[in-house]
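Each remark here refers to the structure printed beneath this line.
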Amino acid sequence: MYDFLDLTSAQWRKSSYSHTGTDCVEVANHPSPAVVPVRDSKNPHGPALIFTAPAWSSFIVGLKAGI
């Protein structure tokens, strides 16, 4: 569905639970609400994984439930 997403101007953020750790993931808001870009904070210029919004939402629900 999305062959290429331009993430050059994306504003990335870490979880508030990350504090000052270096082993974190970052997520970005994207103009398309259908996708959630995710990257490794240790490699900010590396590739990003692109999740569908429903898949990301299910992942977060599972985290909060301790699954």
Side-chain angles (χ1 to χ4, degrees):
M1 179 194 310
Y2 297 95
D3 292 329
F4 175 76
L5 295 177
D6 183 7
L7 300 174
T8 56
S9 63
Q11 295 195 3
W12 296 90
R13 65 188 186 285
K14 291 183 191 179
S15 167
S16 59
Y17 292 100
S18 294
H19 304 290
T20 59
T22 58
D23 296 328
C24 305
V25 296
E26 297 175 321
V27 297
N29 291 334
H30 189 269
S32 171
V35 298
V36 179
V38 179
R39 72 179 183 186
D40 182 348
S41 64
K42 294 184 304 298
N43 188 12
H45 300 292
L49 298 174
I50 307 300
F51 293 93
T52 65
W56 185 252
S57 179
S58 293
F59 174 71
I60 297 300
V61 168
L63 284 178
K64 289 180 178 180
I67 298 173

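In what follows, every heavy atom counts, from backbone to side chain, and hydrogens, waters and symmetry copies are set aside. Heads up: numbering here begins at 1 and tracks the sequence.
- Both Ile60 and Val25 are part of a single hydrophobic cluster, where members link through side-chain heavy atoms under 4.5 Å apart.
- A donor-acceptor distance shorter than 3.5 angstrom exists from the side chain of Arg39 to the backbone of Pro44, with no hydrogens or angles considered.
- A donor-acceptor pair under 3.5 Å is absent between the side-chain atoms of Ser57 and the main chain of Ala53, judged by distance alone.
- Residues forming a side-chain contact (heavy atoms from CB on, under 4.5 Å) with Leu7 (at least two apart in sequence, or on another chain): Leu5, Ala10, Trp12, His30, Pro37, Ala48, Ile50.
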